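Single-structure report; data block below.
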Amino acid sequence: MKKFRYIMEGVIVCLVAVSIPCMLIFNAMQSRKYADLEKQVLDLEKKQQELVEENKKLITDISLLSGSDRIERIAERELDMRKAETDEIIRVEMKDGQQ
């Protein structure tokens, strides 16, 4: 009986001794995984900030390009268009579904 207890104690000590390096290895693997995920998050945050800045620039460009002064200037200079005179305007009215 004492011999069996002595063997069991030896087995338990060996298991504890083996489990400590295993836990250290597991901890190192988890730390590496966390570091990789943290780097991915930082990269994504940087990409998001770049996209937000680009979006702001595009919105500003749209505002400039769709301005009524710019459109009027292009219409007059490049397309030889002009504003219609009052007597040139014809109004057409249609009644609801009736011809």
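Only a predicted model underlies this, so the values are computations on that prediction, with no experimental measurement involved. Residues: numbered from 1 along the sequence shown.
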Met29/Arg32 under side-chain contact (heavy atoms from CB on, under 4.5 Å): CA gap, chis, key distance, verdict: CA-CA 5 Å; Met29 288 174 18; Arg32 179 65 185 166; 5.8 Å; no

Verdict with supporting geometry, Gln49 and Glu45, side-chain hydrogen bond (donor to acceptor under 3.5 Å, both in side chains): CA-CA 6 Å; Gln49 186 62 33; Glu45 286 175 346; over 6 Å; no

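Using a 4.5 Å cut-off between side-chain heavy atoms of Ile, Leu, Val, Met, Phe, Trp and Tyr, with links allowed through other members, Leu24 and Val16 fall into the same hydrophobic cluster. Hydrophobic clustering (ILVMFWY, side-chain heavy atoms < 4.5 Å, transitive): Leu15 and Ile7 are in one cluster.
Note that CD of Gln40 is 7.0 Å distant from CG of Leu44, once rounded to the nearest 0.5 Å. Once rounded to the nearest 0.5 Å, the distance linking CG of Leu37 with CG of Leu42 reads 11.0 Å. To the nearest 0.5 angstrom, Arg73 atom CZ is 13.0 Å from Leu79 atom CG.
Shown here is Gln30, whose CD atom has more than 12 heavy atoms of other residues, nucleotides or ligands within 6.0 Å.
When all heavy atoms of Ile71 and Leu65 are compared, the closest pair comes out as CG1-O, 4.2 Å.
A salt bridge links Asp43 to Lys39: one of the charged nitrogens lies within less than 4.0 Å of a carboxylate oxygen.
Each of Glu9, Lys3, Met8 was checked for a side chain to side chain contact (heavy atoms under 4.5 Å, CB included) with Arg5, and the lone residue meeting it is Glu9.
Here the side chains of Glu72 and Glu76 are in contact, with some heavy-atom distance below 4.5 Å.
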